[in-house]
Amino acid sequence: MGCYPLSFNANVSYHNLFKIASIFLFLDILLLKRYIFLGDILKNYTDLAVECYESAEKTLIDGVKVTQTHDVTEVTVLNENGARAIGKPIGRYLTYNAASIPDTPDLIEDGLNSLTSLLKSMLPEKMDSALVVGLGNTDITADALGPRVSSKIIATRHVKGINNELFRDFFSVASVATGVIGNTGIESAELVKGIVEQIKPSVVITVDALAASSADRLGTTVQLSDTGISPGSGVGNHRCEISRSTLNVPVIAIGIPTVVSTSVFGAGNTRDDMFVTPREIDKVIEHGSRLIGMAINSCLQPNISRDVLYSLSGI
């Protein structure tokens, strides 16, 4: 496309142009105030159910059950009282804790076994197809986890109809990265709902970057839940919910925390707080996407060997 000089319509007065500019300035001020307000109320906000429980000082809460092993914490919200107490919907939240997201084949394999087992426990007993949804923005490293995972999923729905021995053992899987509304003009939830209505999967697995209230959990924690997700909620950019109630199919949400508010570093309750990422965020996203991508592939393709899955997914 070429570049064209800006020209003015003779019927458009400078007075009208000034009024239009003033309107845009007013809208910008409103948007800025909205984010300042959100920044005030979202100090120490977290997507992690385990942190919500910890913020309640680990006291006994009616409607919340917590069990813990050496590397997995399960928080189960049993009723509305528990949901109100920790600010999370009714459902199961599994938190896999590691010293760091694995970066070598041997370490990935160790973490993969644990994560695959946890994901299997979340999936429906009977299913014949799955949709994997990568949420996030590829242009922002800390928000690129979902699209990176989506690119590593072995999509097979399009070949399941082929009568060929090569594809007989594959499970039907579709994968999509929804992008962000600022680029597409479409809510991720709208895109996912349209796809679900068209292909009718037995389960939807969403992957998104999360927010934490503890810097120690950045890149070291994987959360799985059966409650779905509201993209962007961790940083105050609430979008439409993707869950069983909106899609009428089970929704499993998986994520790794990649951002934390500066308030956790002792900045206090100021209006200058921002969300920051670890210095090694590139490695966190790359290694985390490999781990989650391979865990999903392993769960959905149990009849295919790990070596073949690694090869087909490019991990």
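The figures that follow rest on heavy atoms only: side chains count, while hydrogens, waters and symmetry mates do not.
- Between I252 atom CD1 and L118 atom CG the span is 12.0 Å, to the nearest 0.5 Å.
- Looking at every heavy atom in both residues, L291 comes nearest to L112 through CD1-N, 3.6 Å.
- Here CD of E280 is found 8.5 Å from CG of L218. Values are rounded to the nearest 0.5 Å.
- Contact record, T258 with P278: O-CD, 3.4 Å, taken as the closest heavy-atom pair.
- Side-chain N or O atoms of E190 include one that pairs as donor or acceptor with a backbone N or O of E187 at under 3.5 Å.
- For E241 and T246, the side-chain atoms include no donor-acceptor pair closer than 3.5 Å.
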Practice problem: In sequence, state the C-alpha distance, the side-chain angles, and the governing distance for S225 and R92, and then conclude on side-chain hydrogen bond (donor to acceptor under 3.5 Å, both in side chains). | Solution: CA-CA 5 Å; S225 74; R92 292 177 67 207; over 6 Å; no
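- Contact record, S121 with L94: OG-CD1, 3.8 Å, taken as the closest heavy-atom pair.
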Please walk me through it: do L135 and I242 pass side-chain contact (heavy atoms from CB on, under 4.5 Å)? CA-CA 11 Å; L135 302 168; I242 301 173; 4.0 Å; yes
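- By the 4.5 Å heavy-atom criterion applied to side chains, V75 and E51 are not counted as neighbours.
- Side-chain contact between K152 and S289 is present, with at least one heavy-atom pair separated by less than 4.5 Å.
- The backbone N or O of I154 lies less than 3.5 Å from a partner atom in the side chain of N297, making a donor-acceptor pair.
- A heavy-atom distance below 4.5 Å is not found between the side chains of Y93 and E74.
- Between N137 and N183, the closest side-chain pair of non-hydrogen atoms falls below 4.5 Å.
- Using a distance-only test at 3.5 Å, with no hydrogens or angles considered, no donor-acceptor pair links the side chain of Q223 to the main chain of I254.
- The closest side-chain heavy-atom distance from V64 to N79 is not below 4.5 Å.
- Under the 3.5 Å distance criterion, the side-chain polar atoms of T73 are left unmatched by any main-chain donor or acceptor of T69.
- Looking at S313, its side chain does come within 3.5 Å of a backbone N or O of L309 through a donor-acceptor pair.
- Using modelled atom types, no side-chain atom of S150 and backbone atom of S175 make a donor-acceptor pair closer than 3.5 Å.
- In terms of heavy-atom proximity, S114 sits nearest to Y96 at CB-CE1, 3.6 Å.
- Under the 4.5 Å side-chain heavy-atom criterion for ILVMFWY residues, no single connected hydrophobic cluster contains both I186 and V176.
- Residues D208 and L145 come closest through the heavy atom pair O-CD2, 3.7 Å.
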Take D216 and T220 through the test side-chain contact (heavy atoms from CB on, under 4.5 Å) and record every step on the way to the result.
CA-CA 7 Å; D216 293 337; T220 64; 5.7 Å; no
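- Not one N or O on the side chain of D226 forms a donor-acceptor pair closer than 3.5 Å with the backbone of M122.
- S188 and T178 share a donor-acceptor pair across their side chains, judged by distance under 3.5 Å alone.
- The closest donor-acceptor contact from the side chain of T156 to the backbone of V173 lies under 3.5 Å.
- Of all heavy-atom pairs between S243 and V251, the closest is C-CG2, 3.5 Å.
- Annotation: the span from T206 atom OG1 to I229 atom CD1 amounts to 5.0 Å, rounded to 0.5 Å.
- Checking R157 against S129 by side-chain atom types alone, no donor-acceptor pair falls below 3.5 Å.
- With a 4.5 Å cut-off on side-chain heavy atoms, L210 and T221 do not count as touching.
- Separating the NZ atom in K120 from the CG atom in L224 is a distance of 14.0 Å, to the nearest 0.5 Å.
- Rounding to the nearest 0.5 Å places CG of L48 at 7.0 Å from OG of S213.
- Side-chain contact between T67 and K65: present, with at least one pair of heavy atoms (C-beta onward) separated by less than 4.5 Å.
- One hydrophobic cluster, built from ILVMFWY side chains closer than 4.5 Å, holds both M127 and I296.
- Here the side chain of K200 pairs a donor or acceptor atom with the backbone of E197 at under 3.5 angstrom.
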Run the side-chain contact (heavy atoms from CB on, under 4.5 Å) check on V72 and T95 step by step: do they pass? CA-CA 5 Å; V72 177; T95 304; over 6 Å; no
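- The backbone N or O of L78 sits nowhere less than 3.5 Å from a side-chain atom of T76 that would complete a donor-acceptor pair.
- V276 and I140 fall into different hydrophobic clusters, where Ile, Leu, Val, Met, Phe, Trp and Tyr are joined by side-chain heavy atoms under 4.5 Å apart, directly or via other members.
- At least one side-chain heavy atom of V133 sits under 4.5 Å from a side-chain heavy atom of V204.
- Considering CZ of R148 and OG1 of T141, their distance stands at 7.0 Å, rounded to 0.5 Å.
- When hydrophobic clusters are built by joining Ile, Leu, Val, Met, Phe, Trp and Tyr residues whose side-chain heavy atoms come closer than 4.5 Å, directly or via intermediates, I205 is grouped together with L312.
- Cluster annotation: V132 is connected to F170 through the hydrophobic network of ILVMFWY side chains, with a link wherever side-chain heavy atoms come within less than 4.5 Å.
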